[in-house]
Trainee: 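I have a structure I would like to understand better, so I am pasting it below and will then ask my questions one at a time.
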Amino acid sequence: MKNISTGLCAAALALSGCVPQQKDGSERPNIIFIMTDDHTTQAMSCYGSRLVRTPNLDRIAEEGIRFDNCYAANALSGPSRACILTGKFSHENGFTDNACTFDGSQQTFPKLLQKAGYQTAIVGKWHLISEPQGFDHWSILTGQEEQGDYYDPEFDENGKRITEKGYVTDIITDKAIAFIDGRDKSKPFCLMFHHKAPHRNWMPAPRHLGMFNDTVFQEPSTLFDDYSGRGRASAEQDMSLAKTFTEDWDLKLMTREELLKDTANRLSKVYRRMPEDVQRKWDSVYAKRIAEYRKGNLKGKELVSWKYQQYMRDYLATTVSVDESVGRLMKYLEGTGQLDNTIIVYTSDQGFFLGEHGWFDKRFMYEECQRMPLIVRYPKAVKAGSVSSAICMNVDFAPTFLDFAGADIPQDIQGKSLKPVMENGGKTPEGWRKAAYYHYYEYPAEHSVKRHYGIRTQDFKLIHFYNDIDEWEMYDMKNDPDELDNVFGDPAYAEKQEELLRLLREVQSECGDTDPDEKEKVLFKGDRRFQKRS
Ligand code: SGN
Ligand code: CA
């Protein structure tokens with residue numbers, strides 16, 4: 001990064017008070033970490049979405065860097081958030097699944113930034129149960145097991161419960177801007193700006209209700225996947241549009257009369273949080289959908305296709321509010337002269353299935369959800385239009401921020417700083433990691449995705465579903481990007497398989513995720529690995 005002397009600092013910043021500096025005299029950047037909940041790359045035009053346009057997100061990528069191979073260590077909300085805060089894998093930070101409570105006494109990057117003189121804040125989704133530590137200010141969603149509500153959401157604001165009127169994405173954006181506006185201008189700041197959207201059950205802002213009702217979205221080629229060519233894990237999940245998607249919560253097939261009568265119903269509860277004029281708009285938007293469905297002539301594949309269209313209409317409309325939110329933030333930063341001195345990061349806690357393999361939700365180590373969007377704008381260090389194929393992970397975010405802030409990166413942080421990648425136009429540095437590690441634990445649980453671990457390299461993926469079933473999967477990502485053909489045990493790949501198994505063991509021992517009692521035993525089952533595929 002180029003050192004900028006205080007004398008050359010932007011007038012607006014100089015006017016706003018003393019400019020915070022690093023030890024070497026250079027200016028320390030502000031950090032805004034924008035993270036959505038379940039926003040996947042397939043729904044961002046800068047990642048080539050066939051579904052929707054996201055002009056404000058595209059601007060971050062165009063004026064900064066897009067990472068094409070960023071992966072979650074555990075594709076679920078709480079676990080991913082804990083990895084991000086600590087820079088450590090789930091087995092180290094202790095938050096392995098959504099039923100955990102985050103041990104807030106442990107080291108996190110906001111605490112370290114605070115020590116280094118940053119003012120820190122978090123607004124929006126937190127989902128880690130324990131009270132946030134290391135933040136000078138917080139306003140986090142509560143209710144619905146901390147997922148928060150789309151309409152009139154409740155927050156815990158520095159320990160006080162408050163209900164805010166309006167739509168969740170807009171309110172969180174107001175809170176983010178209010179924090180920046182009222183901050184201590186003698187310090188740099190780090191803001192974690194976390195949206196609820198586009199999390200299930202995908203309720204759009206009043207202004208976006210029905211905006212895609214006349215759009216027909218292209219179906220993914222794997223919408224009618226029959227899971228042949230793979231093992232039991234794919235076949236035995238419970239996250240399909242065909243079977244799991246609900247008529248009320250997901251498809252919203254309830255009339256006003258039904259919603260007002262069935263007060264115990266979850267959709268009714270959230271519907272009744274809306275102001276009456278919004279309820280009326282909601283009714284008119286969903287009336288056609290209800291009528292179509294109740295004609296009762298949709299069956300089999302036709303019904304799945306129809307559900308997919310409704311799913312996309314709602315999911316994508318919630319992402320529009322997020323894109324607008326980012327536009328509003330950028331405009332505010334631009335207007336106050338803070339845009340170029342701020343590292344703006346946009347990501348999501350994990351990816352998501354938008355009908356691929358017939359699914360919604362995440363959790364699997366398959367590409368659509370293991371992969372996270374990651375785009376960063378910081379013109380002082382990042383050349384506009386950079387694209388990186390370096391294998392990155394959510395555990396890298398903490399060291400990256402510490403690095404940019406000029407703070408020490410503690411030895412026990414497991415991620416790697418992405419600063420050298422960013423400063424070098426996205427090029428993969430010498431000696432960079434060969435594989436992203438993954439370990440998912442939440443089973444038995446909602447959506448029935450079996451426990452598994454594995455590695456993703458540039459060209460291959462190796463997965464082990466280790467409990468309940470003991471099955472390996474291996475994908476040739478260049479020739480089979482949709483992960484339909486499990487080549488584990490295929491003699492044509494025997495050498496590659498050996499190499500990947502060795503690498504997996506290396507990566508596991510490096511990050512300390514070795515469990516000699518269970519996993520190693522399974523890992524060393526020898527000949528089983530080369531049994532012919534059935
Ligand atoms: C809720 C959702 C699930 C989702 C989890 C975890 N069900 O339980 O579909 O997988 O959250 O999501 S719902 O009926 O309440 O909508 S996460 O992103 O927070 O990990
Ligand atoms: Ca999530």
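Residues take their numbers from the sequence shown, with the count starting at 1. Each ligand, and each atom within it, is numbered from 1 in the order the structure gives. FYI, side chains are in, hydrogens and waters are out, and symmetry mates aren't considered; it's all heavy atoms of this structure. Computed from a prediction, not measured in an experiment: that's the story for all the values here.
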Trainee: Indicate yes or no: does D68 engage R66 in a salt bridge with an N to O separation below 4.0 Å.
Mentor: yes
Trainee: Just which atoms of ligand 1 are under 4.0 Å from any heavy atom in K362?
Mentor: 4 (C), 6 (C), 10 (O), 12 (O), 17 (S), 18 (O), 20 (O)
Trainee: Would you say W249 and ligand 1 have an N/O pair spaced under 3.5 Å apart?
Mentor: yes
Trainee: Report the distance from atom CZ of F397 to atom CZ of F33, rounding to the nearest 0.5 Å.
Mentor: 5.5 Å
Trainee: Quick test of your reading of the model: are R456 and E367 salt-bridged, counting only N-O distances below 4.0 Å?
Mentor: yes
Trainee: Answer yes or no for K196: is there a heavy-atom contact with ligand 1 below 4.0 Å?
Mentor: no
Trainee: Restricting to N/O/S, name the atom of D37 that gets closest to the Ca ion (ligand 2).
Mentor: OD1
Trainee: Report yes or no: does S80 have an N/O/S atom closer than 3.0 Å to the Ca ion (ligand 2)?
Mentor: no
Trainee: Below 6.0 angstrom between ring centroids: does that apply to W359 and F364?
Mentor: yes
Trainee: Testing L141, T173, D149 one by one against V168 for a side-chain contact (heavy atoms from CB on, under 4.5 Å), which residue passes?
Mentor: L141
Trainee: Pull out every atom of ligand 1 sitting under 4.0 Å from any heavy atom of H127, numbered as shown with elements.
Mentor: 19 (O)
Trainee: So is Q350 touching ligand 1 or not, going by heavy atoms under 4.0 Å?
Mentor: yes
Trainee: To the nearest 10 degrees, calculate the angle at the Ca ion (ligand 2) involving OE1 of Q350 and OD1 of D349.
Mentor: 80°
Trainee: For the pair K165 and D170, find out whether any cationic side-chain nitrogen is under 4.0 Å from an anionic carboxylate oxygen.
Mentor: no
Trainee: Record the part of K125 in heavy-atom contact with ligand 1 below 4.0 Å; permitted values are side chain, backbone, both and neither.
Mentor: side chain
Trainee: Could you tell me which N, O or S atom of D38 is nearest to the Ca ion (ligand 2)?
Mentor: OD1
Trainee: In Å, rounded to the nearest 0.5 Å, how long is the span from CD of Q133 to OG1 of T108?
Mentor: 8.0 Å
Trainee: Counting each atom of ligand 1 from 1 as listed, which ones have a heavy atom of R363 under 4.0 Å away?
Mentor: 4 (C), 5 (C), 6 (C), 10 (O)
Trainee: Side chain, backbone, both or neither: which part of D37 comes within less than 4.0 Å of ligand 1 when only heavy atoms are counted?
Mentor: side chain
Trainee: Please determine if R200 and E446 form a salt bridge, counting it only when a charged side-chain N lies under 4.0 Å from a carboxylate O.
Mentor: yes
Trainee: Give a yes or no on whether a salt bridge exists between D283 and K281, defined as a side-chain N under 4.0 angstrom from a carboxylate O.
Mentor: no
Trainee: Counting only heavy atoms, tell me which of E446, E442, R81 gets closest to atom 1 (C) of ligand 1.
Mentor: E446
